[in-house]
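Being a predicted model, the structure only gives us computed values, none of them experimental. All ligand and atom numbering here is 1-based and tracks the order in the structure. Worth knowing before you read on, the calculation uses all heavy atoms, side chains too, and leaves out hydrogens, waters and symmetry mates.
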Amino acid sequence: MSYHVNEKGYYGQFGGAFIPEMLYPNVEELRQNYLKVMAEPDFKKEFDQLLKDYVGRPTPLYFAKRMSKKYNTNIYLKREDLCHTGAHKINNTIGQILMAKRLKKTRIIAETGAGQHGVATATVCALAGLECIVYMGEIDIARQAPNVARMKMLGAEVRPALSGSRTLKDATNEAIRDWINNPIDTHYIIGSAVGPHPYPDMVARFQSVVSEEIKWQLKEVEGRENPDYVVACVGGGSNAAGAYYHYLNEPDVKLIAVEAAGKGIYTGESAATSVLGKEGVIHGSKTLLMQTNDGQITEPYSISAGLDYPGVGPMHAHLYETKRAEFISVTDDEAMIAGLELSQLEGIIPAIETSHALAIFEDKKFKPEDVVVISLSGRGDKDLNTYIDYFKL
Ligand SMILES: *Cc1c(COP(=O)(O)O)cnc(C)c1O
């Protein structure tokens, strides 16, 4: 069995492109071109160069000595927190802005919830000199003022979504409406391994540089390319997709996906999609998502804005169904404690999303000889206020 997308855009039963008729030409143009463009030597050269000189890649694979000692195993941290703008999201937005330029697009749209993807998109639009419009729910604009300021500083226009719950899904609807009205000159940058085909595959490929680097970096220090485990937190699934990518079809590498259980899986305030989700369509693809019996999307909850998403990308739904990846849910409290612990054991303050992945060691035991690689997806600067409030620092 392959865990990569098939020609029709499916991972097993999940994926596809469930989009309004009016959007078909836009998505089809991308589908017909994305692999061809990514294979062009010029494209690859420009992408690699920007990852190196602008993003700061390769990011280090750091052996966390004190944490390894505490949990009696070998823990490596893949330092995506050291990327420009503070997280892995920039790997994807760099790829997509180059894609947009190759497709002769002059205008970029995106949607954002917490603002992290909006900032990563505004950044690459400034880099490329393209117009940037970011849709954001009115409620989120009020909650995420620093990121709104960053986007404006970078030259983006932030347009409030005023309908519905005025959060992420309403911003998504606005972005889709915009794309339908501007099919010729506009590219829509989606920020995770979600959306209609070819987005999940395209995003996974742009993020796959993470596991490509882990392979040679681990070979240098451990004498082998394959760790025993790769661990990543999952919101939509892009940092996990990148960290897993070159290991998907290597059965000796066990994959662990960590979801946000919020206040507890069954409290009604959670984002543990694999456990609570049922098959449905969200953001243009068939996947697992949290919904009521009559198919209304359930409002997710997590202390970390980046994991607060009611679905997972289709690759991850498939990894769950086939049991290729083990899914673990971590509560707000467990994540916060793990974030504080990493800060004090290793001197690295992680994003709260990432803290979820770090929290598995309390319950899950590894062997002393195991090599465990964790995707350290982002840094915690943006979360300082949440940490401070939580620990009364
Ligand atoms: C956005 C974000 C995530 C969640 O998104 P994925 O697409 O699942 O990777 C995780 N960690 C950080 C630091 C983020 O900013």
Ligand 1 atoms in contact with [X] (distance to a heavy atom under 4.0 Å):
X    : result
G378 : 13 (C)
A351 : 13 (C)
S238 : 6 (P), 7 (O), 8 (O), 9 (O)
G235 : 8 (O)
G237 : 6 (P), 7 (O), 8 (O)
S192 : 6 (P), 7 (O)

Subject >> Whether F361 and F366 hold their rings parallel, tilted or perpendicular, with breakpoints at 30° and 60° >> reply: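 Because their plane-to-plane angle lies in the 30° to 60° range, the rings of F361 and F366 count as tilted.
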
Between [Y] and [X], is there a salt bridge with N-O shorter than 4.0 Å?
X    : Y    : answer
R57  : E213 : yes
E111 : R159 : no
R107 : D178 : yes
E80  : K89  : no
D201 : R205 : yes
E46  : R102 : yes

Indicate yes or no: does an N/O atom of [X] lie under 3.5 Å from an N/O atom of ligand 1?
X    : answer
G191 : no
T354 : no
N239 : yes
Q116 : no

Original post:
Heavy-atom contacts under 4.0 Å between V234 and ligand 1: side chain, backbone, both, or neither?
Top reply: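 Contact part for V234 vs ligand 1: backbone (N, CA, C, O).
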
Original post:
So is H88 close enough to ligand 1, meaning a heavy atom under 4.0 angstrom away?
Top reply: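 In this structure, H88 qualifies as a contact of ligand 1 - some heavy atom is under 4.0 Å.
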
Subject >> Shortest protein heavy-atom distance from atom 11 (N) of ligand 1, along with the residue and atom involved >> reply: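 It is S377 OG, 2.8 Å.
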
Subject >> For atom 4 (C) of ligand 1, closest protein heavy-atom neighbour >> reply: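 Minimum-distance protein heavy atom for atom 4 (C) of ligand 1 reads G306 O, 3.5 Å.
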
**OP:** Would you please indicate if the ring centroids of Y244 and Y3 are separated by under 6.0 Å?
**Re:**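 So the answer is no for these two rings.
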
Original post:
Would the H4 and Y245 ring centres measure less than 6.0 Å apart?
Top reply: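 Ring centres of Y245 and H4 closer than 6.0 Å.
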
**OP:** May I ask which of K89, R379, H356 has a heavy atom nearer to atom 2 (C) of ligand 1 than the others do?
**Re:**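 When every heavy atom of K89, R379, H356 is considered, K89 comes closest to atom 2 (C) of ligand 1.
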
**OP:** Please answer: with hydrophobic residues joined when any side-chain heavy atoms are less than 4.5 Å apart, are I352 and F391 in the same cluster?
**Re:**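 Same hydrophobic cluster.
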
